[in-house]
K.L.:
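A single structure is presented below for examination.
On a predicted model such as this, the values are computed, not experimentally measured, just so you know. One-based numbering along the sequence shown.
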Amino acid sequence: MKRRSVYLLIATILAILVPSPGRFVYGVTLILELNILMLIGTLAISLVKKLKLEEINTLIVIIVIIGSTVMFRQIMIMLYPEIMLTLGFLVYLMPVSFFLIGYVFTNMDEPVNVRIKRNMFHIMTFSVYALLFFLLRDIAGYGTFTFFGKNHQILEKVIINEQKIGFFSIFASIPGAMILSAILLFIHIYVRNQIAIYKRAEVKN
């Protein structure tokens, strides 16, 4: 795994995942937003190049991403106002996240299909990590599983009795989130490195 990717991942975890509420439904909302913004940002870069507006491409793309964020928030407010109220300013951290900016504004001369494939692969990989992070926090920290429910309400299913959570309730706190993120990050990097080693071995053979 490239050092740059690791730094982007760590910066995003500390800035977005750790301060977020430790419920799965909030994690799904944030990751959905990040995926949408990555796709829109990648497409916006290619559109700007076609229109030959390279001199102001950064400004245009940032405006498009921020505008998409506002639209996403408004749609979610209509569907699940409680979620948006709880997330608050965290929704606006996505357009300026190191992970999003780090990939949207790289290799801009490549064909759009190549950039979409590469960027969405990176975001999907991060999404798996992030969703697992929120799922474990929800179950271990609160003993529940939360998701989008009916009638604009959050569905909450109790999996572990609150009295039996004990020590694991620490994962509901920010220090616990940092510990869990460090563990998952180590596993994530280890798996990625093993896959890279395996691919290099296949090439040599």
K.L.:
For a quick test of reading the model, state the closest non-hydrogen atom pair linking Tyr26 to Thr86 and the distance between them.
P.N.:
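Closest heavy-atom pair between Tyr26 and Thr86: OH-OG1, 3.4 Å.
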K.L.:
Answer yes or no: is there a side-chain heavy-atom contact under 4.5 Å between Met94 and Ile65?
P.N.:
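With C-beta onward as the side chain, the pair stays apart.
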K.L.:
Is there side-chain contact between Met120 and Thr42, with heavy atoms separated by less than 4.5 Å?
P.N.:
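When only atoms from C-beta onward are counted, Thr42 and Met120 do not touch, as no gap falls below 4.5 Å.
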K.L.:
Nearest 0.5 Å, what's the CG-CG distance between Leu30 and Leu93?
P.N.:
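That separation rounds to 9.0 Å.
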K.L.:
Using 0.5 Å steps for rounding, measure from the CG atom of Leu34 to the OG atom of Ser127.
P.N.:
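Those atoms lie 6.5 Å apart.
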K.L.:
If every non-hydrogen atom of Ile123 is compared with every non-hydrogen atom of Met38, which pair is closest and at what distance?
P.N.:
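The pair with the smallest heavy-atom distance is CD1-CE, 4.0 Å.
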K.L.:
How many angstroms lie between CD1 in Ile116 and CD1 in Ile45, if you round to the nearest 0.5 Å?
P.N.:
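If I round to the nearest 0.5 Å, the distance is 12.0 Å.
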K.L.:
If the test is ring-ring contact (aromatic ring centres under 6.0 Å, His included), which one of Phe145, Phe148, Phe133, Phe134 qualifies with Phe24?
P.N.:
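Result: among Phe145, Phe148, Phe133, Phe134, Phe145 is the only option passing the ring-ring contact (aromatic ring centres under 6.0 Å, His included) with Phe24.
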K.L.:
Under a 4.5 Å side-chain heavy-atom rule over Ile, Leu, Val, Met, Phe, Trp and Tyr, are Ile16 and Val128 clustered together?
P.N.:
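Unlinked, Ile16 and Val128 end up in two clusters.
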K.L.:
Measure the CG-CE distance between Leu131 and Met124 for me, rounded to the nearest 0.5 Å.
P.N.:
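Spacing of CG (Leu131) from CE (Met124) equals 10.0 Å.
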K.L.:
What are the two closest non-hydrogen atoms of Ala130 and Ile31, and how far apart are they?
P.N.:
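Looking at all heavy atoms of both residues, the closest pair is CB-CD1, 3.4 Å.
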K.L.:
Quick check: closest heavy atoms across Glu33 and Val91, and the distance to 0.1 Å?
P.N.:
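Heavy atoms of Glu33 and Val91 come nearest at OE2-O, 2.7 Å.
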K.L.:
Where do Phe147 and Lys157 land on the side-chain contact (heavy atoms from CB on, under 4.5 Å) test, with the steps shown first?
P.N.:
CA-CA 9 Å; Phe147 202 67; Lys157 183 176 179 60; over 6 Å; no
K.L.:
Considering all heavy atoms of both residues, which atom of Ser181 and which atom of Val18 are nearest to each other, and what is their separation?
P.N.:
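Result for this residue pair: OG-CG2, 4.2 Å.
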K.L.:
Tell me, do Pro95 and Leu37 make a side-chain contact under 4.5 Å, heavy atoms counted?
P.N.:
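Result yes, sub-4.5 Å side-chain heavy-atom pair found.
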K.L.:
To the nearest 0.5 Å, how far apart are CG in Leu135 and OG1 in Thr146?
P.N.:
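Between atom CG of Leu135 and atom OG1 of Thr146 there are 9.0 Å.
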K.L.:
Following the transitive rule for hydrophobic clusters with a side-chain heavy-atom cut-off under 4.5 Å over Ile, Leu, Val, Met, Phe, Trp and Tyr, establish whether Leu85 and Ile154 coincide in one cluster.
P.N.:
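Per the 4.5 Å side-chain linkage, Leu85 and Ile154 are not co-clustered.
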K.L.:
With the 4.5 Å side-chain cut-off for hydrophobic clustering, are Met71 and Leu32 part of the same group?
P.N.:
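Both belong to a single hydrophobic cluster.
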K.L.:
Is Leu39 reachable from Ile63 through a run of I, L, V, M, F, W or Y residues, each pair having side-chain heavy atoms under 4.5 Å apart?
P.N.:
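Different clusters.
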K.L.:
If you measure from CG on Leu17 to CZ on Arg137, what distance do you get to the nearest 0.5 Å?
P.N.:
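Spacing of CG (Leu17) from CZ (Arg137) equals 9.0 Å.
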K.L.:
If you group Ile, Leu, Val, Met, Phe, Trp and Tyr by side-chain heavy-atom gaps below 4.5 Å, do Tyr142 and Leu132 land in one group?
P.N.:
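Different clusters: Tyr142 never reaches Leu132 through Ile, Leu, Val, Met, Phe, Trp or Tyr contacts under 4.5 Å.
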K.L.:
Parallel, tilted or perpendicular: which describes the rings of Tyr80 and His152, with under 30° parallel and over 60° perpendicular?
P.N.:
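Rings of Tyr80 and His152: perpendicular, over 60°.
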K.L.:
If you compare all heavy atoms of Leu87 against all heavy atoms of Thr29, which two are closest, and at what distance to 0.1 Å?
P.N.:
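Leu87 and Thr29 have their closest heavy atoms at CD1-CG2, 3.9 Å.
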K.L.:
Measuring only between side-chain heavy atoms, which start at C-beta, is Leu184 closer than 4.5 Å to Leu136?
P.N.:
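In short, these two side chains touch, coming nearer than 4.5 Å.
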K.L.:
Quick one: do Gln194 and Tyr190 satisfy side-chain contact (heavy atoms from CB on, under 4.5 Å)? Show the steps, please.
P.N.:
CA-CA 6 Å; Gln194 291 302 310; Tyr190 176 79; 3.6 Å; yes
